[in-house]
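The structure under discussion appears below in the form of structure tokens.
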Amino acid sequence: MQRIYLKQGRERPVLNGHPWIFSGAIDKINGNADIVGVADIFDCKKSWIARGLYNPASQIRVRLLTGKDEPIDGDFFRRRITRALALREKYVAPETNAYRLINGEGDFLPGVIVDRYADFLVCQFSTAGMELFKNDVNAALGSLSRAKGLYERSDGKVREEEGLGASVGMLAGAEPPELIEIEESGSQFLVDIRRGQKTGYFLDQRDN
């Protein structure tokens, strides 16, 4: 685990909840600065302030995970995904069965997008740090979401910038049909999660 020390004053955005630390904010790194991994963040006075995912190949050197001294493991991801599921169950209308289940930094899981299409989940892992924990995320999704299958659509320019190649295909469970029928506020749509843009449909454009 790297120990990252910030320049004077650069801890303020972190303490105020900003999810990223850019390369220019870092004073020094103790540990192997050339590998992707979990990093502890300290201010200039060497006080611990946060924990996140470090990538030396990205201008966003650290994507923050937590302000608590807690292990980043399978239980951590289960807690975060349980919270995300509970929020959707509270706010998504029952006549809609397609929605964004995990929204990256918005759910305190930077680099992870998960969209639900009826009984199937489509996952995107866009950062090198989260790629390390793909199996933990998939295990939590499989046990908590009651989805029939998990499909991956991790492609695009963001992964290239993180030093990753494309990764597309089945992650777990049943193979999805060619077209998945979803219901959106009483209307039906057919979604192609293999060849459609993004994860197959623009779930973030519901209001439009």
Side-chain angles (χ1 to χ4, degrees), residues 1-88 100-114 121 123-145 150 152 154 156 158-164 167 171:
M1 182 183 293
Q2 295 93 340
R3 295 167 64 92
I4 296 177
Y5 297 87
L6 303 182
K7 296 176 182 177
Q8 185 173 357
R10 297 301 186 94
E11 77 282 357
R12 294 193 189 102
V14 175
L15 296 174
N16 288 334
H18 196 286
W20 299 344
I21 296 174
F22 290 91
S23 58
I26 296 174
D27 181 32
K28 64 178 180 178
I29 300 174
N30 286 355
N32 191 337
D34 297 323
I35 63 171
V36 175
V38 177
D40 276 344
I41 313 303
F42 299 82
D43 64 15
C44 64
K45 297 179 180 178
K46 300 183 179 180
S47 296
W48 187 95
I49 56 174
R51 183 165 289 156
L53 296 172
Y54 169 79
N55 182 3
S58 173
Q59 286 301 306
I60 304 174
R61 285 291 195 272
V62 182
R63 297 173 190 265
L64 297 173
L65 289 173
T66 180
K68 298 178 180 179
D69 185 7
E70 56 184 329
I72 308 304
D73 55 16
D75 288 338
F76 173 86
F77 291 102
R78 283 184 65 87
R79 291 193 298 273
R80 289 289 164 89
I81 292 172
T82 296
R83 181 177 182 272
L85 282 164
L87 284 171
R88 275 60 176 184
R100 181 142 293 177
L101 179 58
I102 296 177
N103 189 34
E105 282 84 352
D107 289 300
F108 304 99
L109 289 168
V112 181
I113 295 293
V114 179
L121 301 183
C123 309
Q124 288 184 329
F125 297 89
S126 60
T127 65
M130 201 57 76
E131 185 79 9
L132 296 176
F133 294 98
K134 183 188 289 188
N135 289 340
D136 291 304
V137 173
N138 292 340
L141 287 170
S143 63
L144 295 170
S145 70
L150 277 64
E152 182 175 13
S154 298
V158 175
R159 277 180 68 91
E160 294 177 11
E161 293 172 350
E162 288 278 317
L164 300 170
S167 181
L171 291 171

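Quick note: numbers below take in every heavy atom, side chains included, and nothing from hydrogens, waters or symmetry partners. Model, not experiment: these values are computed from the prediction.
Put simply, the residue from Asn138, Leu171, Val114 that forms a side chain to side chain contact (heavy atoms under 4.5 Å, CB included) with Leu121 is Val114. The residue from Val112, Leu101, Leu141 that alone fulfils the side chain to side chain contact (heavy atoms under 4.5 Å, CB included) condition with Ile81 is Leu141. Paired with Ile4 under the rule side chain to side chain contact (heavy atoms under 4.5 Å, CB included), one option of Asp40, Val62, Asn30 passes, and it is Val62.
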Q. Does the side chain to side chain contact (heavy atoms under 4.5 Å, CB included) test come out yes or no for Leu65 and Met130, once each step is laid out?
A. CA-CA 10 Å; Leu65 289 173; Met130 201 57 76; 4.2 Å; yes
Q: Give the C-alpha distance, both sets of side-chain angles, the deciding distance and a yes or no for side-chain hydrogen bond (donor to acceptor under 3.5 Å, both in side chains) between Glu152 and Ser154.
A: CA-CA 6 Å; Glu152 182 175 13; Ser154 298; 2.6 Å; yes
(Q) Is there a salt bridge (Lys or Arg N to Asp or Glu O under 4.0 Å) between Lys45 and Glu11? Walk through the geometry before answering. (A) CA-CA 10 Å; Lys45 297 179 180 178; Glu11 77 282 357; over 6 Å; no
Q. Hey, mind stepping through Val36 and Leu53 against side chain to side chain contact (heavy atoms under 4.5 Å, CB included) and telling me if it holds?
A. CA-CA 7 Å; Val36 175; Leu53 296 172; over 6 Å; no
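Of the possible polar contacts, one joining the Arg51 side chain to the Glu70 backbone as a donor-acceptor pair under 3.5 Å is found. Side chain of Arg10 to backbone of Gly24: a donor-acceptor contact under 3.5 angstrom is found. Side-chain atoms of Ser145 never come within 3.5 Å of backbone atoms of Gly142 as a donor-acceptor pair (strictly under, hydrogens ignored). A donor-acceptor pair is defined here as one N or O able to donate and one able to accept, closer than 3.5 Å; no such pair exists between the side chain of Arg100 and the backbone of Ile113. The main-chain N or O of Leu109 is never found under 3.5 Å from a side-chain atom of Asp107 such that the two would form a donor-acceptor pair.
To the nearest 0.5 Å, atoms CZ (Arg79) and CG (Asp73) are separated by 7.0 Å. Atoms CZ and NZ, on Phe42 and Lys28 in that order, are 10.5 Å from each other to the nearest 0.5 Å.
Minimum interatomic distance between Ile72 and Phe133 (heavy atoms only, all atoms of both residues): O-CE2, 3.5 Å.
At a threshold of 4.5 Å between non-hydrogen side-chain atoms, the residues Phe77 and Leu144 do not count as touching. Using a 4.5 Å cut-off on side-chain heavy atoms (C-beta onward), Pro56 and Ile35 make no contact. Contact of the Gln8 side chain with the Asp27 side chain is not registered, since no non-hydrogen atoms from C-beta on lie closer than 4.5 Å. Under the 4.5 Å side-chain criterion, counting only non-hydrogen atoms from C-beta, Leu64 is in contact with Ile21. No side-chain heavy atom of Lys134 sits less than 4.5 Å from a side-chain heavy atom of Cys123. Using a 4.5 Å heavy-atom cutoff, the side chains of Gln59 and Glu161 are not in contact. In this structure, Arg159 and Glu131 have side chains that are in contact, with non-hydrogen atoms separated by less than 4.5 Å. In this structure the side chain of Thr66 reaches within 4.5 angstrom of the side chain of Phe76, judged on heavy atoms.
The local environment of OH in Tyr5 is crowded, with over 12 non-hydrogen atoms from other residues, nucleotides or ligands closer than 6.0 Å. Heavy-atom contacts from other residues, nucleotides or ligands closer than 6.0 Å to CZ of Arg83 number 12 or fewer.
Glu162 and Thr127 form no side-chain donor-acceptor contact under 3.5 Å, judged by distance and modelled atom types alone.
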